[in-house]
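Below, all heavy atoms of this structure are taken into account, side chains as well, without hydrogens, waters or symmetry copies. Lettering of chains follows the sequences in order, A, B, ..., and the numbering in each one begins at 1.
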Amino acid sequence: MRKTLILLAVLFQFFVLAYMAGGREFILRKGKTTYLRTAPIDPRDLFRGDFVRLNYEISSIPINKLRGGLNLNIQDKDRRVYAVLAEGSKGLAELVYATDETPEGGLFIKGRAMGHWTARSLNVRYGIESYYVQQGKGKDIEKRMGRRTEVQIPLEMEIALGRDGTAVIRSHRWSPLGIALTVLEQPDRRQPSGRKSAKFRLTLVNASDSPLSLVNLPDHRSFSLEPWGTKDWVLSQSLGEPARPSDEDLILLGPKESRSFDFDFTSERWLVKEKAGPVETGTLPWSERFRIVYRAPSPEDCRSLLNKDLIWHGHLPSRAFHGMGNVD
Amino acid sequence: MLRHVKWLLPEVDQWVEAGIIDLAQAEAIRTRYPPTDETTSWGRIIFLAMGAVLFGLGVILLIAYNWEEMHKAVKLGLIGLSLTSAHVLGMWFRRPESRFRTVGEALHLLGTMLFGAGIWLVAQIYHLDEHYPNAFLVWGVGALALGWTLPSVPQAILGAVILTLWNGFEVLSFGQVNHLASPLIFFGVLPLAWAFQSRVLLATGVVSFLITLAITCLGISDDLIVPILFFCACMLLSASLLVREKGLFPGSAGIFSFLGHLPYLAILYVLSFPSAAPGLLGVDFNNRASLVYFTLFALAAAALWLITLWPPSKIRDRLSESFRIDLLAVPVILIIMIGLIVLRLTGHKAWPTAGLFNLVFLFHSIVFISHGCRTVNIRLAATGCLLLSLLAATRYADLFQSLIMRAVIFLVIGSGLFLVGAYYSKAKKKAREGAS
């Protein structure tokens with residue numbers, strides 16, 4: 001009898017490990033595959049060699065994308081959260097919304113709310129925030145990801161998703177396009193009559209080993225302003241019919257080559273709608289952050305263009321910022 | 001076997017031979033101090049465990065390096081194989097006929113260490129970054145399960161320590177109140193210590209329980225820590241009397257007494273500060289968890305003291321024996337404490353509340369000294385002197401402003417301690433003369 005009990009206790013230890021490994025292995029083999037874009041935090045774990053601490057775009061969910069019973073004031077710090085995703089080009093997933101109710105289908109990932117650092121977004125952990133690599137390799141990955149003040153090349157994690165939304169990291173790839181956001185001119189608060197919003201420079205870099213093409217539609221129509229705060233702000237100026245790309249809009253970038261684009265948020269092009277009329281983003285409350293998103297036209301729209309095979313069809317958001325020039 | 005029992009049993013035979021005691025008395029002594037089953041050879045276990053842990057660490061770090069070339073199946077195989085080999089070899093060496101049962105114990109310990117490391121290594125292989133306190137829970141339960149089934153004191157100790165860490169991380173890192181940890185340690189570790197008559201496991205279990213409970217109380221409400229720990233201290237002091245009187249679990253009375261006195265005196269001392277006393281005695285009974293914990297532990301402490309002192313007619317007889325009067329004061333102070341918190345007897349005013357605890361602390365110090373001198377117990381007498389000096393030094397700062405008053409206090413305390421020394425020497429001399 002005692003021997004059986006000892007055996008059961010030993011088997012318990014063995015099966016815990018087998019269950020942990022087996023469950024994840026099943027998801028890796030049978031789960032849906034998607035890619036999630038990340039931003040770096042900080043590497044190295046003394047006990048388990050190197051690891052890259054991952055912060056996904058979907059790790060911070062803006063208040064305007066919270067649904068169901070989710071809000072920034074939830075008391076239950078460990079509340080279950082489901083991030084509903086939509087798959088974009090190259091399998092890269094984008095957040096549609098987050099809810100505390102289990103979605104009935106589609107692409108979604110399971111996580112837990114971790115509270116909020118700011119008044120505009122809810123932090124969520126999905127259990128895939130650590131990426132373990134061979135000792136010594138973590139620094140290399142961190143270096144390539146870049147710092148917030150310089151060009152950053154997003155790491156795109158290949159994720160296997162189980163039917164219940166459990167996520168397992170399969171591997172990683174690098175985005176072929178790097179991005180940097182710098183402030184060219186910032187309002188001086190001591191001069192109320194001066195500029196109210198900042199002027200930014202967005203730089204896109206070909207981080208791949210082969211040439212690629214960007215498409216810059218007239219009036220910077222390839223770039224959109226995405227609200228990342230408490231309201232769904234929309235631009236006050238309508239640009240009319242969507243522009244069709246032409247060969248003149250193509251920008252060919254060789255490996256490591258870059259192109260910069262300037263955005264002056266005092267100009268009419270970037271004013272947003274308020275009840276009283278159009279306002280500059282720099283005059284909005286601190287909770288109202290934005291991202292500039294580069295989004296290439298679809299492959300169908302580019303069918304007739306020269307070098308159409310070189311066009312990168314993804315989308316790439318900048319770091320979040322406030323119109324006054326404060327970059328997160 | 002406990003050291004004093006090991007010494008006592010052959011000594012009893014010699015006393016019978018020398019005609020000091022008769023056979024019936026010898027049998028009564030043997031029954032009171034039975035040879036226990038605690039055959040754990042700690043020296044050997046520690047050395048073997050260190051070797052086993054270092055070996056295991058080598059395996060863990062080999063995998064933790066996270067070789068890119070090493071397929072995950074190989075890594076998983078290594079983890080599984082190390083775990084299985086450690087336990088299978090452990091079972092082999094622990095056979096009843098084996099001469100190396102301690103080696104078996106160490107190997108099982110290594111197996112459980114590898115199990116814990118395995119949890120993190122599997123997490124590394126699959127890049128898991130989940131709620132990490134869960135890993136401590138599973139690891140602790142795994143250790144405790146082996147502690148019961150083998151049965152093994154080192155496994156149970158490991159289990160208690162890991163479960164304490166689990167609770168700590170849940171409450172301190174995630175702010176989640178964990179009501180399960182304290183009962184798990186109480187019912188998972190202490191009965192095993194009792195069954196084994198293992199003092200080491202008993203001490204570990206009690207300390208783990210107290211730490212876990214304090215951290216859980218911190219998670220519920222800060223103001224719950226002092227009353228709950230005080231009630232636990234009262235229960236431990238009562239348990240020390242019960243086991244001593246009923247002759248249960250030899251050697252446990254000292255552990256209960258020491259681990260009971262420590263928080264008991266510490267809390268009395270903290271409450272002797274006028275700035276701290278009112279704040280520490282204000283439990284928020286609107287918080288349901290606070291109400292449940294307070295009621296449960298207050299009732300348990302009161303019930304245990306009732307059992308200890310029952311029947312009341314025997315209290316006088318007990319006092320004439322070696323029963324210290326200050327221990328009888330514990331239930332009285334327990335009732336006062338409940339009254340202070342529930343009925344707000346002193347209105348939570350600074351000096352009336354702190355003054356009461358100053359007097360109680362002073363009372364305990366004096367009883368320690370007088371009882372220590374009378375029974376020639378140097379440890380007790382010295383502790384009493386230390387407590388008295390501590391109280392005088394503390395009140396020096398916040399009670400007496402005049403330098404003359406301060407000087408008088410120190411002169412009085414200093415002279416008193418000299419007298420204690422003289423009285424103790426006299427008592428010791430008298431005891432020696434009585435013995436010869």
Side-chain angles (χ1 to χ4, degrees), chain A residues 1-25 27-28 45-54 75-78 110-112 114-115 125-138 157 159-160 166-172, chain B residues 57 60-61 63-70 72-73 75-76 79-80 83-84 86-88 90-91 94-96 108 111-112 114-132 134-135 138-139 141-152 155 170 174-176:
Chain A
M1 180 64 182
R2 170 144 296 189
K3 266 189 183 171
T4 315
L5 288 174
I6 295 172
L7 208 62
L8 283 175
V10 171
L11 283 176
F12 167 77
Q13 297 191 353
F14 188 82
F15 279 117
V16 164
L17 299 182
Y19 174 77
M20 280 176 73
R24 307 295 154 157
E25 198 57 48
I27 293 172
L28 283 179
D45 175 350
L46 291 176
F47 184 60
R48 288 182 283 178
D50 276 11
F51 78 102
V52 182
R53 172 65 71 194
L54 300 172
Q75 296 295 311
D76 182 2
K77 203 178 164 191
D78 222 23
K110 192 167 72 175
R112 286 195 183 275
M114 299 300 293
R125 286 176 69 84
Y126 300 96
I128 47 170
E129 282 74 15
S130 296
Y131 185 47
Y132 294 92
V133 291
Q134 182 172 307
Q135 195 167 34
K137 300 283 174 80
M157 303 307 299
I159 306 290
T166 303
V168 185
I169 293 176
R170 189 175 276 148
S171 65
H172 75 275
Chain B
L57 207 59
I60 292 162
L61 290 177
I63 301 166
Y65 182 79
N66 210 357
W67 305 87
E68 280 173 355
E69 293 80 14
M70 196 188 280
K72 66 182 168 191
K75 291 178 190 170
L76 288 172
I79 295 168
L83 177 75
T84 315
H87 282 309
V88 167
M91 285 164 83
R94 272 184 65 102
R95 291 177 349 265
H108 276 302
T112 302
L114 285 170
F115 168 54
I119 294 173
W120 268 273
L121 292 173
V122 170
Q124 183 199 54
I125 292 168
Y126 290 97
H127 310 286
L128 306 185
D129 190 20
E130 298 209 354
H131 189 67
Y132 69 86
N134 288 348
V138 177
W139 187 11
V141 168
L144 217 51
L146 269 176
W148 276 91
T149 52
L150 281 172
S152 158
Q155 294 276 354
E170 282 285 12
F174 289 87
Q176 289 189 340

Here's a test for you: under side chain to side chain contact (heavy atoms under 4.5 Å, CB included), which of A/Leu28, A/Ile169, A/Ile27 qualifies with B/Tyr126?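 Testing B/Tyr126 for a side chain to side chain contact (heavy atoms under 4.5 Å, CB included) against A/Leu28, A/Ile169, A/Ile27 leaves exactly one candidate, A/Leu28.
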So which heavy atom on [X] is nearest to which on [Y], and how close?
{"X": "B/Leu83", "Y": "A/Phe14", "value": "CD2-CA, 3.7 Å"}
{"X": "A/Leu17", "Y": "B/Gly118", "value": "CD2-C, 3.5 Å"}
{"X": "A/Tyr132", "Y": "B/Leu128", "value": "CE1-O, 4.2 Å"}

Based on non-hydrogen pairs under 4.5 Å, which of B/Gly142, B/Ala145, B/Gly116 is most in contact with chain A?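 Highest number of heavy-atom pairs under 4.5 Å: B/Gly142.
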By a 4.5 Å heavy-atom criterion (distance strictly below it), what part of A/Leu11 contacts chain B: side chain, backbone, both, or neither?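 Neither; nothing under 4.5 Å.
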Need one label for A/Arg24: side chain, backbone, both or neither, based on atoms under 4.5 Å from any heavy atom in chain B.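 Both the backbone and the side chain of A/Arg24 come within 4.5 Å of chain B.
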Identify which of A/Leu5, A/Ile6, A/Val168, A/Ile128 forms the greatest number of heavy-atom pairs closer than 4.5 Å to chain B.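 When all of A/Leu5, A/Ile6, A/Val168, A/Ile128 are compared, A/Ile6 has the most.
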For chain B, which of A/Glu25, A/Arg170, A/Lys3 has the most heavy-atom pairs under 4.5 Å?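 Ranked by contacts with chain B, first place is A/Glu25.
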Would you check if B/Val141 and A/Phe12 make a side-chain contact, meaning some heavy-atom pair closer than 4.5 Å?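 In contact.
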Between B/Leu146 and A/Gln13, is any pair of side-chain heavy atoms under 4.5 Å apart?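 Sidechains of A/Gln13 and B/Leu146: in contact.
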Check A/Arg112 with B/Glu130, please: is the shortest side-chain N to carboxylate O separation under 4.0 Å?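 No salt bridge links B/Glu130 with A/Arg112.
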Counting only non-hydrogen atoms closer than 4.5 Å, does [X] touch chain A with its backbone (N, CA, C, O), its side chain (CB onward), both, or neither?
{"X": "B/Leu150", "answer": "both"}
{"X": "B/Ile79", "answer": "side chain"}
{"X": "B/Thr112", "answer": "both"}

Is a side-chain donor-acceptor pair under 3.5 Å present for A/Glu129 with B/His127?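 Judged by distance alone, the side chains do not pair up.
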When rounded to the nearest 0.5 angstrom, what is the spacing between CG in B/Asp129 and CZ in A/Arg53?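 If we round to the nearest 0.5 Å, B/Asp129:CG and A/Arg53:CZ are 4.5 Å apart.
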Looking at CE of A/Met20 and CH2 of B/Trp120, how far apart are the two atoms once the value is rounded to the nearest 0.5 Å?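 If we round to the nearest 0.5 Å, A/Met20:CE and B/Trp120:CH2 are 9.0 Å apart.
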